[in-house]
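The structure appears right after this line, and notes come after that.
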Amino acid sequence: MALERTFSIVKPDAVAKNHIGAIYNRFETAGLKIVAAKMVHLSQEKAEGFYAEHSERPFFGALVSFMTSGPVMVTVLEGENAVLKNREIMGATNPAEALAGTLRADYADSIDENAVHGSDAVESAAREIAYFFADEELCPRTR
Ligand code: IDP
């Protein structure tokens, strides 16, 4: 088992519906530790940069518009196999396909507004964490 860090966003739809605590509770119950967290309202430039790999996709404009529509919680989670564990907690991108009991099954309304983001690999996690947090903002919980 590998101690990893992953990057999470509670997206604007879930923040607006007051689901921050419920979502953090799922992470903590699963053994993931929050090592950094803050609320931010993304600028268009910040959201476009975060989702740059999707810039040619037809949904890119709607995605950026949604992600800038209200505040989000950006969070760094630490734990054994944190990247995969978080993806399992989140469920499939499309909530209609997400397994029962996952965050997207419980809190997302559509593929466009799907409650949470989570890094898909250790490498992307490192990049995404650095996009939002300075090293001194991270507070390791596990030695
Ligand atoms: P992920 O968030 O599950 O990692 P990605 O494929 O990286 O999924 O897509 C990033 C985000 O872009 C998704 O969470 C979703 O909000 C949006 N998205 C992905 N595919 C579609 C689509 O086919 N239509 C509309 N939005 C999409």
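Atoms within each ligand, like the ligands themselves, are counted from 1 in listed order.
Applying the ring-ring contact (aromatic ring centres under 6.0 Å, His included) test to pairs two or more places apart or on separate chains, those with a residue in residues 59-113 are H19-Y107, H54-F59.
Heavy atoms from other residues, nucleotides or ligands lying under 6.0 Å from CD of E80 number more than 12.
Hydrophobic clustering of Ile, Leu, Val, Met, Phe, Trp and Tyr side chains at less than 4.5 Å, counting indirect connections, unites I20 with V116.
A cation-pi arrangement is absent between K46 and Y51, since the terminal nitrogen or guanidinium carbon is not both under 6.0 Å from the aromatic centre and inside a 45° cone about the axis.
Taking the six-membered ring where the residue is Trp, the centroids of F50 and F132 are separated by under 6.0 Å.
Contact residues of ligand 1 (protein heavy atom closer than 4.0 angstrom to a ligand atom; sorted by chain and number): K11, Y51, H54, F59, L63, R87, T93, R104, I111, D112, N114.
For the residue pair E128 / S119, a side-chain donor-acceptor distance below 3.5 Å is found, with atom types taken as modelled.
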